[in-house]
Enquirer: 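Questions regarding the structure given below will be posed in turn.
Predicted model only: the values in this text are computed from it and were never measured. Order of listing sets the numbers, starting from 1, for every ligand and every atom in it.
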Amino acid sequence: MVLAADAPIVGTGRDYTHLVQDYRVHGSLYTDPAVFADEMKRIFTDGWVFVGHESEIPGGGDWVARRLGTERVLMARAHDGEISVVANRCAHRGTTLCPQSEGNSRNFRCPYHAWTYDLDGMLLGAPFPQRFANEKPDVRLDQPGQVGIYRGFVFANQSGTAGPLSEHLGSGGSDLIDRAADMSPTGRLQLRDVAIEAEGAEKAKQIMWDGPPHAFVFPNLFLGEMNIARIDPLAPGLTEHYHTPLLVESSDLGINRRVILQSEAVMGPGGARSPSSSSTRRCSQTSRGTRSGLTWSPTTFTTGCRSGPVTTSRTPG
Ligand code: FES
């Protein structure tokens with residue numbers, strides 16, 4: 001079977017039901033550029049996407065660079081504590097504002113012509129402002145239509161048409177995040193560093209009974225027990241995974257030490273779930289395309305996964 005560009009159109013995209021069958025999916029779902037474009041629109045533009053965790057930007061002026069699908073964005077904390085998500089793209093001529101992955105700034109200044117924006121994206125000033133007299137009052141960085149936060153997990157919806165975040169998460173998604181957050185004695189996670197406090201024995205017993213979650217919050221947040229994976233699809237043949245140990249806010253630093261060790265063993269370059277050799281990873285993809293002649297992948301295998309050689313693990317400092 002071939003996924004043709006003229007496959008039936010349903011709504012804003014194509015009907016893929018004939019490519020997903022019991023126990024198998026068609027490899028072209030992972031490799032066809034048209035499918036990727038549709039995915040970017042229907043899922044990563046019109047839906048809610050995980051951006052990051054608020055503990056990654058603990059102080060005023062902290063920011064991290066992220067993606068909403070193929071859109072580059074900045075998640076920042078203003079000096080009043082408010083969190084915003086804005087395009088990492090100057091409103092003047094589209095220059096990338098922050099090529100680094102993270103930082104701390106009073107504002108965002110474009111390296112090209114020095115237009116300067118506050119951390120919420122409003123234009124503060126530009127050289128020779130008389131040239132832009134008509135533009136300045138309304139100029140700001142693009143921003144997603146909606147931003148929502150649930151227990152420190154920051155999500156954004158580019159189009160603003162996805163409805164409430166609570167509906168996207170549903171009781172299942174919020175329960176998973178609750179289970180992850182409740183692994184912390186204080187109910188707060190620390191993806192960046194560790195701190196304070198402890199918790200009562202009864203609650204701890206219940207938390208250990210429930211255990212950490214091991215499931216996906218669609219479309220790009222994987223709660224992998226004591227790890228968080230953020231998945232950034234970049235192109236039909238390339239996806240980046242970022243793995244971060246899920247550290248808890250605790251006075252017992254030994255807990256987080258164990259989490260980091262476990263995370264390195266499982267998610268690190270030589271870990272069980274990240275083959276140390278990129279050639280091994282490439283071999284795991286041999287059945288994904290139509291050229292190999294193996295056009296279908298059993299759904300129980302990961303052989304159809306779109307994946308490139310880039311897998312990034314970050315251990316909080
Ligand atoms: S492109 Fe940013 S100021 Fe001109």
Side-chain angles (χ1 to χ4, degrees), residues 33 36-37 39-41 43-149 154-162 192 220 230-240 242 308 310 312 314:
F36 181 81
E39 184 179 309
M40 289 302 101
K41 168 73 174 112
I43 298 173
F44 285 86
T45 300
D46 291 344
W48 284 100
V49 176
F50 172 64
V51 184
H53 191 268
E54 63 180 10
S55 66
E56 297 177 87
I57 45 173
D62 287 347
W63 57 266
V64 291
R66 292 292 151 85
R67 287 177 181 271
L68 298 177
T70 53
E71 280 292 309
R72 295 171 188 270
V73 296
L74 299 165
M75 180 177 80
R77 187 184 292 274
H79 293 281
D80 64 2
E82 281 296 303
I83 289 177
S84 60
V85 179
V86 296
N88 189 2
R89 182 181 59 247
C90 181
H92 183 211
R93 292 194 184 166
T95 302
T96 298
L97 290 173
C98 301
Q100 307 88 344
S101 61
E102 60 186 33
N104 180 280
S105 311
R106 281 182 57 199
N107 45 50
F108 296 129
R109 175 167 297 169
C110 179
Y112 199 174
H113 308 105
W115 284 28
T116 303
Y117 306 86
D118 70 14
L119 297 170
D120 190 33
M122 288 302 300
L123 181 65
L124 294 174
F128 310 111
Q130 62 278 13
R131 294 187 187 172
F132 308 105
N134 296 330
E135 301 172 38
K136 183 175 179 299
D138 299 314
V139 172
R140 60 162 299 124
L141 300 175
D142 286 343
Q143 56 187 154
Q146 299 185 88
V147 174
I149 303 177
V154 180
F155 296 82
N157 163 228
Q158 289 190 70
S159 67
T161 59
R192 190 158 280 255
N220 68 328
R230 176 169 52 82
I231 294 151
D232 287 346
L234 305 183
L238 183 63
T239 294
E240 287 183 349
Y242 291 87
V310 181
T312 303
R314 195 189 73 175

Enquirer: Check whether any N, O or S atom of Cys90, backbone or side chain, sits closer than 2.8 Å to atom 4 (Fe) of ligand 1.
Expert: no
Enquirer: Does any N, O or S atom in His92 come within less than 2.8 Å of atom 2 (Fe) of ligand 1?
Expert: no
Enquirer: Between CE of Met40 and CD of Gln158, what distance do you get to the nearest 0.5 Å?
Expert: 9.5 Å
Enquirer: I'd like to know if the side chain of Asp118 reaches the main chain of Asp120, judged simply by a donor and an acceptor atom lying under 3.5 Å from each other, with no hydrogens or angles considered.
Expert: yes
Enquirer: Looking at Arg93, which atoms of ligand 1 are within less than 4.0 Å of one of its heavy atoms?
Expert: 1 (S)
Enquirer: Does any N or O in the side chain of Asp62 come within less than 3.5 Å of the main-chain N or O of Met75, such that one atom is a donor and the other an acceptor?
Expert: no
Enquirer: Near Trp115, which atoms of ligand 1 are under 4.0 Å from a heavy atom of that residue?
Expert: 3 (S)
Enquirer: How are the rings of His92 and Trp115 set relative to one another: parallel (under 30°), tilted (30 to 60°) or perpendicular (over 60°)?
Expert: parallel
Enquirer: I need the atoms of ligand 1 closer than 4.0 Å to a non-hydrogen atom of Tyr112, numbered in the order shown.
Expert: 1 (S)
Enquirer: Going by the order shown, which atoms of ligand 1 are within less than 4.0 Å of some heavy atom of Cys110?
Expert: 1 (S), 2 (Fe), 3 (S)
Enquirer: Please report which non-hydrogen protein atom sits nearest to atom 4 (Fe) of ligand 1, along with the residue it belongs to and the distance in Å to one decimal place.
Expert: His113 ND1, 2.1 Å
Enquirer: Show which atoms of ligand 1 fall inside a sub-4.0 Å distance from at least one heavy-atom site of Thr95.
Expert: 1 (S)
Enquirer: Quick one: CG on Leu124 to CZ on Arg106, what's the gap to the nearest 0.5 Å?
Expert: 9.5 Å
Enquirer: Which atom names give the shortest non-hydrogen contact between Trp63 and Cys98, and what distance separates them?
Expert: CH2-CB, 3.5 Å
